[in-house]
Protein chains: 2
Amino acid sequence: MAIATAQDVARRVGCSTTAISLVVNGRDAGRVSPELRARILDAVDALNYAPNAQAQGLASSHPNQVSLLCPDIRNPFFSELFHGLTDALAPDFSVNIVVGTENFDYGPAAVRQVQANKISGLILASPSARVLESLRPAGPTVLIDSLAVLPGVPTVNPDVRGAATDLAEHLLRLGHRQVVYLDVDRAKETFHLRRTVINAALTTGGGTMTVDRVRVADIATATDYAEAHARGWVATGVTAIVCADDLIAYGVLLGAAAAGVNVPAQLSVSGFNDLQFSALTNPALTTVDFNARALGTAAGRTLRERVETGQADNVIWRSRLVVRASTGVALTHAALATPGTLHV
Amino acid sequence: MAIATAQDVARRVGCSTTAISLVVNGRDAGRVSPELRARILDAVDALNYAPNAQAQGLASSHPNQVSLLCPDIRNPFFSELFHGLTDALAPDFSVNIVVGTENFDYGPAAVRQVQANKISGLILASPSARVLESLRPAGPTVLIDSLAVLPGVPTVNPDVRGAATDLAEHLLRLGHRQVVYLDVDRAKETFHLRRTVINAALTTGGGTMTVDRVRVADIATATDYAEAHARGWVATGVTAIVCADDLIAYGVLLGAAAAGVNVPAQLSVSGFNDLQFSALTNPALTTVDFNARALGTAAGRTLRERVETGQADNVIWRSRLVVRASTGVALTHAALATPGTLHV
DNA sequence: CTGAAAGCGCTAACAT
DNA sequence: ATGTTAGCGCTTTCAG
């Protein structure tokens with residue numbers, strides 16, 4: 001048996017497809033008799049009818065589909081975010097995930113492609129500078145984890161600044177003065193901000209920070225990288241590694257272990273995102289909780305507002321530092337030489 | 001500027017939309033002059049044109065869209081699988097992820113809904129018994145991690161039987177005789193098979209296995225559960241917990257730690273899937289590698305075959321046991337009383 | 001309360 | 001080599 005269409009249902013009931021559409025979408029308030037309604041529902045059930053979302057999208061001014069663009073759904077940050085988003089949007093909207101195909105990120109082309117479809121809304125998670133530059137909003141759009149200020153485009157952001165400051169101060173309190181920041185090689189404001197805020201706070205506190213980068217936020221890449229550099233870091237007096245993403249920190253943990261460097265005794269390690277798995281690592285990871293799920297939910301609510309009222313406020317969701325075992329007191333000559341700065 | 005349609009492009013170039021369609025889809029082999037082709041490409045670029053996938057799907061007999069249904073994209077098993085799938089399918093097909101909305105799983109309704117769309121293929125990951133019962137293939141369909149034998153529906157499976165046997169034998173070799181199997185409360189063949197194979201092997205080896213379940217494969221749920229039961233398990237002579245999914249094992253690790261039970265000294269813990277994070281846990285998790293990514297890739301290839309030749313073979317991908325630190329020698333009276341069985 | 005008709009943007013026969 | 005036409009399945013005015 002082929003898939004039933006609204007026509008099939010209409011034929012069976014003996015009514016127009018208009019009635020089918022109205023009833024199936026629950027828009028039959030005093031426009032379809034209860035009797036007809038019941039018969040339609042019966043037929044829908046009997047024929048196993050479900051509306052074709054493509055046709056619906058094409059025809060309707062309210063396609064009730066929103067697209068989420070994210071760099072890589074394998075990063076649990078984005079899958080949590082997606083979950084939060086659907087929490088806020090289901091069942092009125094269905095959410096379509098689109099991931100990047102260009103080196104684990106999405107570019108302007110992916111955005112264009114998505115925008116060519118008829119959708120109710122568009123959500124861009126961690127958009128790159130290239131995406132932002134070429135972005136021409138074509139309908140309700142929400143940005144997540146982006147500092148861009150585009151007229152009519154609300155943003156939902158974690159408090160990167162506050163969290164990064166907390167992290168830097170945490171490290172300073174532990175006596176860390178020589179820090180390596182392991183960035184991900186991506187032109188994104190969020191990473192720029194994480195890095196510069198920490199650098200500023202560290203510098204103010206009398207520390208120094210050097211920046212290094214890995215190509216992508218991926219455990220294996222970071223593992224190789226850290227394994228090659230861990231001993232070097234320790235040898236040159238570096239006592240802490242701040243990673244731009246928890247996945248990178250996971251790699252550093254693995255790489256350090258492979259290189260025989262003890263965390264946190266010889267090297268403190270921290271990340272960003274507080275993924276679910278960060279409580280499980282060995283040692284458990286000190287990280288910044290951006291609350292991906294809540295960010296997704298907030299974005300969903302914001303999109304709803306935007307769709308329904310045409311307006312929406314920006315939201316900043318609170319972040320918080322989660323201190324676990326991967327950061328500890330800095331044990332270096334420098335730290336020992338200035339014990340007065342050590343308030344743990 | 002509104003989103004450009006093929007008509008806009010055609011108008012600008014001064015040709016028909018047919019030509020646009022042909023060129024944009026690269027189906028212009030001796031059907032469009034190089035000159036026209038070039039002008040079309042220019043206009044496409046100038047107008048930032050991208051075809052509307054909904055319209056394309058509706059109109060075309062080759063919509064080049066495939067849908068992947070999976071229970072919960074937050075389980076890294078499925079996001080890896082998705083990644084493997086797109087590896088095999090891109091850029092010829094775009095893959096749409098559909099996740100469950102019924103208690104973190106998808107049901108027959110979700111399948112129907114997806115089938116109502118015009119797609120080139122459908123991939124069902126870890127389908128439940130309910131889904132399988134009511135499944136009426138409507139086009140190329142591939143099942144992943146499912147024992148169902150439906151005519152014309154190829155399956156891509158991990159070698160559950162082999163892997164589960166290996167795991168059971170591993171535990172027996174370590175001296176474990178009293179084992180708790182922590183299942184996920186889902187009617188799925190894959191879980192049934194994991195459980196029964198291990199039970200059979202354990203029983204044959206002189207052990208006993210009791211089954212318990214958590215509602216869903218989720219770290220937090222399993223943590224609470226394990227925290228409440230860990231001491232009880234140890235007290236009653238249970239020396240090993242086999243979890244139906246790595247996520248559950250993560251929870252058990254956390255719960256055991258919270259309850260003050262040492263892994264693996266007092267309790268060995270193992271899982272299924274060998275997620276990327278299983279190498280990172282404390283202690284690192286002994287688990288069965290089903291190679292989600294390869295499964296996804298194989299499913300993609302299978303779907304391609306199915307689409308192109310109408311036929312496709314079932315594939316079984318090799319699994320392997322990954323022994324790490326979370327399983328160790330059983331230290332109980334029973335084990336000590338029969339030291340002869342202890343070959344580590 | 002109900003139906004007829006006109007598209008949404010695209011592709012696929014069928015002309016030319 | 002190119003254009004014309006007729007839908008894909010649905011929603012949406014607009015009449016009744």
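Chain letters run A, B, ... following the sequence lines, proteins first, then strands; residues in each count from 1.
Atom CZ in B/Arg31 sits roughly 14 Å away from atom C1' in C/dT16 (whole-Å rounding). Between the P atom of D/dG9 and the CD atom of B/Gln113 lies a distance of 17 Å, rounded to the nearest Å. B/Arg11 places its CZ atom 16 Å from the C1' atom of D/dG3, with the value rounded to the nearest Å. The distance between atom CG of B/Asn64 and atom P of C/dC10, rounded to the nearest whole Å, is 15 Å. With rounding to whole Å, A/His62 atom NE2 is found 15 Å from D/dC10 atom C1'. When rounded to the nearest whole Å, the span between CD of B/Gln7 and C1' of C/dG7 equals 11 Å. The CD-P distance, from B/Gln65 to C/dT11, rounds to 11 Å in whole Å. Taking atom CG of B/Leu58 as the reference point, atom P of C/dG7 lies 17 Å away to the nearest angstrom.
The closest side-chain donor-acceptor pair between B/Thr297 and B/Asp87, if any, does not fall under 3.5 angstrom. For the 3.5 Å distance criterion, the side chains of B/Asn117 and B/Asn96 fail to qualify, holding no donor opposite an acceptor. With 3.5 Å as the limit, one finds no donor-acceptor pair spanning the side chains of B/Gln65 and B/Ser120.
Within the structure, a side-chain polar atom (N or O) of B/Asn25 is placed less than 4.0 Å from OP1 or OP2 of C/dT11. Residue A/Ser60 places no side-chain N or O under 4.0 Å from the OP1 or OP2 atom of D/dT11. Remark: A/Ser21 is in phosphate contact with D/dT11, judged by side-chain N or O atoms under 4.0 Å from OP1 or OP2. Proximity of A/Ser33 to the phosphate of C/dT2: a side-chain N or O atom is located under 4.0 Å from OP1 or OP2.
For the pair B/Ala53 and A/Gly30, nearest-nucleotide mapping onto DNA chain C gives the more 5' position to A/Gly30. Residue-to-nucleotide proximity on DNA chain D shows that, of B/Thr17 and B/Leu36, the 5′-proximal contact is made by B/Leu36. Comparing A/Ala55 and B/Leu22 by the nucleotide of DNA chain D that holds the closest heavy atom to each, the one mapping nearer the 5' end is B/Leu22.
Using a cutoff of 4.0 Å between basic side-chain nitrogens and carboxylate oxygens, A/Asp8 and A/Arg11 are scored as salt-bridged. Using a cut-off of 4.0 Å between Lys/Arg side-chain N and Asp/Glu carboxylate O, A/Asp42 and A/Arg39 are scored as not salt-bridged.
Listed nucleotides: C/dA13, D/dT12, D/dC10. Nearest to the side chain of A/Gln56: D/dC10. Checking C/dC10, D/dT2, D/dC10 against every side-chain atom of B/Val32, the shortest atom distance belongs to D/dT2. Side-chain proximity of A/Thr5 to C/dG3, D/dG9, C/dC10: nearest is D/dG9. Taking only side-chain atoms of A/Arg27, from C-beta outward, the nucleotide of D/dT12, D/dT4, D/dC8 with the closest atom is D/dT12. Distance from the side chain of A/Cys15 is smallest for C/dG3 among the nucleotides C/dT2, C/dG3, D/dT4.
A heavy-atom distance below 4.5 Å is not found between the side chains of A/Gln54 and A/Lys118.
The residue A/Ser61 sits close only to the backbone: its heavy atoms come under 4.0 Å of sugar-phosphate atoms, none of a base.
For A/Thr18 against D/dT12, a side-chain-to-base donor-acceptor contact under 3.5 Å is present.
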